[in-house]
Enquirer: 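The structure's right below; bear with me while I get my questions together.
All of these numbers come straight from a predicted model, not from anything done at the bench. Each chain gets a letter, A, B and so on, in the order the sequences are listed, and its residues count up from 1.
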Amino acid sequence: MAEPNMYRYDEFDAQFVAERTAQFRTQVERRLKGELNEDQFKPLRLMNGLYLQLHAYMLRVAVPYGTLSSAQMRKLAHIARVYDKGYGHFTTRQNIQYNWPALVDVPDILEELASVEMHAIQTSGNCIRNVTADHFAGAALDEIEDPRPLAEVIRQWSSLHPEFVFLPRKFKIAVSGAPNDRAALAYHDMAIEIVKNDQGRVGYKVLVGGGMGRTPYIAQVLGDFVEKEDILAFLEAAMRIYNQQGRRDNMYKARIKILTNALGIEEMRRLTGIEFAEIKKAGTLQLPKEELDRITAYFAAPAFETLEDAMPSGDAAFEAWKKTNVHKHRQPGYAIATISLKPIGGVPGDASADQMDAVAAIMDRYSLGEIRVSHEQNLVLPHVRQKDLPAIHAALAGFDLATPNAGLITDIIACPGLDYCDLANARSIPIAQDIAKTFADLDRQHDIGELKIKISGCINACGHHHAGHIGILGVDKKGVEFYQLLLGGSGAEDASIGQIMGPGFTEHEIAGAVERVVNLYLAKREKGERFLDTYRRMGMEPFKNVAYGEELYAVHQG
Amino acid sequence: MANPSSQVLTANRLNDGTVLYRKADGWVLTLAEADVYDDKPAAQAALDAATAGLTRNEYVSPYLFEVRRENGVIHPVKEREIIRAAGPSVRADLGKQAQGV
Amino acid sequence: MPFIKDKALAADSFTAVADDAALADGPVLVSLARFQKDRETLLARNTAIGVRLKSDESPELLGEDVNRLSLVALEFPKFRDGRAFSWARMLRTRLGFTGEIRAVGDFLYDQLAYQHRTGFDAWELPENLTLDDFNRALAEMTNVYQPSADGKKTIRELRAGL
Ligand code: SF4
């Protein structure tokens with residue numbers, strides 16, 4: 001089994017996770033005995049990723065900054081088989097969710113996870129959540145520095161941070177080390193972009209106050225250039241302001257985006273600055289270079305072979321896959337390969353235990369034992385030899401994992417929606433399936449090009465609908481599912497919030513509406529324009545005029 | 001026929017999360033077996049009894065939802081409860097629907 | 001209710017005085033409003049003063065007076081309201097407060113360790129908890145990743161052999 005270069009627990013990390021697991025076991029026991037009532041237990045179980053959903057409990061397991069070893073992948077498969085119903089769901093925040101665990105089994109599941117250096121700590125609740133990062137980290141051509149060492153530093157600092165486990169609301173942090181934003185930084189409570197200043201020194205640009213949900217905001221700059229050793233002090237300062245001043249009277253106004261906009265970014269900067277100076281003076285939160293170096297060493301680039309760039313060719317299926325699912329690696333002769341978890345008509349992000357085991361074998365054989373979970377609910381083999389691509393493609397195809405659609409219109413992000421989620425207003429998955437079937441033709445998908453569709457089953461926006469080039473939001477109209485269409489969102493470096501088109505569509509109308517919108521784009525696009533570019537040039541009106549179709553148009557006007 | 005106030009009481013079992021429906025003073029696993037309360041006071045009384053019984057730590061989150069009866073079969077009014085009673089609509093092999101209910 | 005000070009059961013030497021009640025003799029615990037109203041009288045009495053802050057009252061509102069107090073009681077109106085963790089931290093760091101910081105109100109066994117870490121050193125424990133519970137709660141996690149007001153060595157420092 002290949003051992004990838006990634007963070008490994010030392011005795012302290014191992015003890016920490018073991019004790020946390022034991023602690024949760026006693027919390028479960030106290031709940032079953034009635035020493036804790038549900039009201040008291042709920043925040044405690046959420047802090048360990050355990051929800052009560054529509055049909056059953058749901059356990060969310062962290063995949064810190066999206067990096068997994070093959071041993072971990074096999075363990076995830078094992079848990080799916082033994083404690084769940086044979087599958088898991090990869091989410092938009094680099095987590096995996098199990099939909100059917102029994103409460104009484106969860107402590108055992110956590111022990112299984114701890115045995116492969118994994119956990120469910122702070123994957124939910126009003127605390128700092130699993131830190132996410134660019135899924136191409138360490139392999140991308142455009143990277144300044146690998147974001148994962150900093151993400152690991154933040155993971156440790158935020159784990160059971162005594163001040164920040166009962167925040168006004170959840171808190172999501174993302175890190176990216178590249179100018180091309182693959183981590184949706186602008187939509188995070190706080191985000192860190194690794195940047196180089198004029199003198200060529202590397203430091204951190206810190207953003208604050210982005211978010212989706214009921215009131216979407218694009219994050220603003222809190223610190224242009226924070227020195228590496230100061231980053232934890234800076235984050236802690238901002239968090240302290242938020243914990244003290246964030247609203248607690250209304251859960252829809254409790255995120256830091258609301259505080260940031262109420263205070264204004266200038267005031268937020270000033271307050272953070274005062275607290276930051278104070279923390280810096282104390283000195284205890286300074287991040288010594290040796291510590292960052294020590295953690296960085298775990299993520300060292302693997303021992304690449306000296307190879308020439310030489311992309312192999314193959315049959316039509318391979319060529320189609322190569323075109324969309326294979327990306328340039330910074331090392332000659334290597335490539336990054338995306339494993340789509342979006343088979344046409346499948347459930348976006350779901351993987352069966354058998355698929356996970358198959359992926360683990362492919363990781364060992366071809367990807368130095370390593371894989372990434374992307375926020376687009378796909379898996380990424382970060383370091384594969386170009387010459388192995390045909391074999392990888394063939395191996396994936398055997399497990400229905402070779403769908404050639406990464407970044408295309410059928411690579412749809414969808415939250416679990418009303419099929420699983422207790423908070424949902426409408427189903428997301430069947431809508432994704434309908435749209436994928438509508439556009440199943442591969443030539444048509446390629447002709448349409450990059451088009452990101454994102455679907456949420458309610459305003460909580462777990463499916464990132466605001467950030468979709470085409471976004472779909474499920475709403476409830478007197479117990480019946482309805483869908484609003486949004487256009488023009490982006491979660492990349494050109495981040496923007498999608499605009500709602502108008503009255504909603506029924507579940508049977510929505511795929512047709514999307515098709516008419518896409519057809520208009522195909523008719524009107526100028527050379528080189530993606531859907532998003534054409535929309536930005538033309539605006540909502542023409543798309544709205546076609547979306548409702550003649551029949552629907554009459555209904556909505558009438 | 002549709003009685004606007006017909007309701008069923010549901011909850012989740014504490015130890016494993018399984019969806020439960022109220023029947024008499026206990027719980028059953030399928031909607032088909034559940035008691036239907038045709039008037040508001042009866043429904044409220046059932047909910048009050050279940051809420052009082054939360055201290056036994058056997059189930060959580062009891063609540064009422066609307067149903068209608070057609071030919072003796074109980075149908076939830078809202079999509080949410082239809083899915084909850086059956087299982088994920090995208091996975092006919094999972095949930096109560098897969099257990100032949 | 002059990003009262004814990006410096007990790008042992010203790011007798012509470014402060015008398016809580018309602019806003020409209022007469023000041024008792026000896027050490028008193030008053031609200032921020034009462035303190036602001038009777039500041040001169042209280043400071044002139046030469047007995048220990050404690051102020052009880054609601055979760056939306058920043059210790060900064062005490063101004064320079066904070067270090068003339070012997071006790072600041074921080075209220076958890078509902079256990080989910082975690083503001084007091086940050087107020088305690090602010091008291092211990094920025095405001096340099098060395099007196100007693102007392103946890104009062106609605107909090108859980110599972111929060112005792114976080115309170116201890118952020119600078120609390122006295123507790124009006126919920127009725128169902130004992131000193132044994134308290135000690136057990138503080139011992140659940142051996143090591144910590146981040147510095148706080150308890151001065152405990154962090155895992156980073158332990159790794160570096162500090
Ligand atoms: S967006 Fe809404 S429906 Fe979808 S997973 Fe999140 S909370 Fe559930």
Enquirer: Using non-hydrogen atoms only, which part of Y87(A) is less than 4.5 Å away from chain B: side chain, backbone, both, or neither?
Expert: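 For Y87(A), side-chain heavy atoms alone lie under 4.5 Å from chain B.
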
Enquirer: Establish, for the pair R91(B) and Y420(A), whether the NZ or CZ atom is under 6.0 angstrom from the six-membered ring centre and no further than 45 degrees off its axis.
Expert: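 R91(B) over Y420(A) ring: no.
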
Enquirer: Side chain, backbone, both or neither: which part of P101(A) has a non-hydrogen atom closer than 4.5 Å to chain B?
Expert: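 Only the backbone of P101(A) comes within 4.5 Å of chain B.
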
Enquirer: Give the member of H55(A), K33(A), E481(A) that has the highest number of heavy-atom pairs under 4.5 Å with chain B.
Expert: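 So the answer, after comparing H55(A), K33(A), E481(A), is H55(A).
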
Enquirer: Grab the two heavy atoms, one from L52(A) and one from G17(B), that are nearest each other, plus how far apart they are.
Expert: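 Closest approach of L52(A) to G17(B), heavy atoms only: CD1-CA, 4.2 Å.
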
Enquirer: I need the minimum non-hydrogen distance between S89(B) and R427(A), along with the two atoms involved.
Expert: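 Taking S89(B) first and R427(A) second, the nearest heavy atoms are OG-NH1, 3.0 Å.
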
Enquirer: Charged N to carboxylate O below 4.0 Å: is that the case for R80(B) and D422(A)?
Expert: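 Looking at R80(B) and D422(A), the cut-off is met.
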
Enquirer: Around atom CG of D25(B), are there more than 12 heavy atoms from other residues, nucleotides or ligands closer than 6.0 Å?
Expert: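 No, because the 6.0 Å sphere around CG of D25(B) holds 12 heavy atoms or fewer from other groups.
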
Enquirer: Would you call L14(B) and E38(A) a side-chain contact if the rule is heavy atoms closer than 4.5 Å?
Expert: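 Touching, per the 4.5 Å side-chain cut-off.
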
Enquirer: Tell me the residues of residues 470-479 of chain A whose non-hydrogen atoms fall below 4.5 Å from those of chain B, in number order.
Expert: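 G479(A), listed by number.
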
Enquirer: With a 4.5 angstrom heavy-atom cut-off, could you sort out which part of V104(A) is near chain B: side chain, backbone, both or neither?
Expert: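 For V104(A), heavy atoms of backbone and side chain both lie under 4.5 Å from chain B.
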
Enquirer: Which region of N12(B), side chain (C-beta onward) or backbone (N, CA, C, O), has a non-hydrogen atom less than 4.5 Å from a non-hydrogen atom of chain A, or is it both or neither?
Expert: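 Side chain of N12(B) only, per the 4.5 Å heavy-atom cut-off to chain A.
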
Enquirer: Hey, what do you get for CG (D419(A)) to CD (E79(B)), rounding to the nearest 0.5 Å?
Expert: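 The CD atom of E79(B) is 8.5 Å from CG of D419(A), to the nearest 0.5 Å.
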
Enquirer: Supply the atom-to-atom distance L103(A) CG to T18(B) OG1, rounded to the nearest 0.5 angstrom.
Expert: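 Rounded to the nearest 0.5 Å, the CG-OG1 separation comes out at 11.5 Å.
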
Enquirer: By a 4.5 Å heavy-atom criterion (distance strictly below it), what part of Q53(A) contacts chain B: side chain, backbone, both, or neither?
Expert: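 Backbone only.
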
Enquirer: Does anything in residues 45-61 of chain B get under 4.5 Å of chain A by heavy atoms, and if so which residues?
Expert: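 Within residues 45-61 of chain B, the residues under 4.5 Å from chain A are N57(B), V60(B), S61(B).
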
Enquirer: CG of L418(A) to NZ of K78(B): how many Å apart, nearest 0.5 Å?
Expert: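 Atom-to-atom, L418(A):CG and K78(B):NZ are 11.5 Å apart.
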
Enquirer: Which one wins on heavy-atom pair count under 4.5 Å against chain A: I82(B), V90(B), V77(B), V19(B)?
Expert: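 Most heavy-atom pairs under 4.5 Å with chain A: V90(B).
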
Enquirer: What's the verdict on side-chain contact (heavy atoms from CB on, under 4.5 Å) for W100(A) and L94(B), showing C-alpha distance, side-chain angles and the deciding distance?
Expert: CA-CA 10 Å; W100(A) 309 89; L94(B) 299 176; 3.9 Å; yes

Enquirer: Specify which of R31(A), Q433(A), K85(A) makes the most heavy-atom pairs with chain B at under 4.5 Å.
Expert: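 Top count of heavy-atom pairs under 4.5 Å with chain B: R31(A).
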
Enquirer: At a heavy-atom distance under 4.5 Å, which candidate from G346(A), G417(A), A426(A), P430(A) has the highest pair count against chain B?
Expert: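 Going by pairs under 4.5 Å, I would pick P430(A).
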
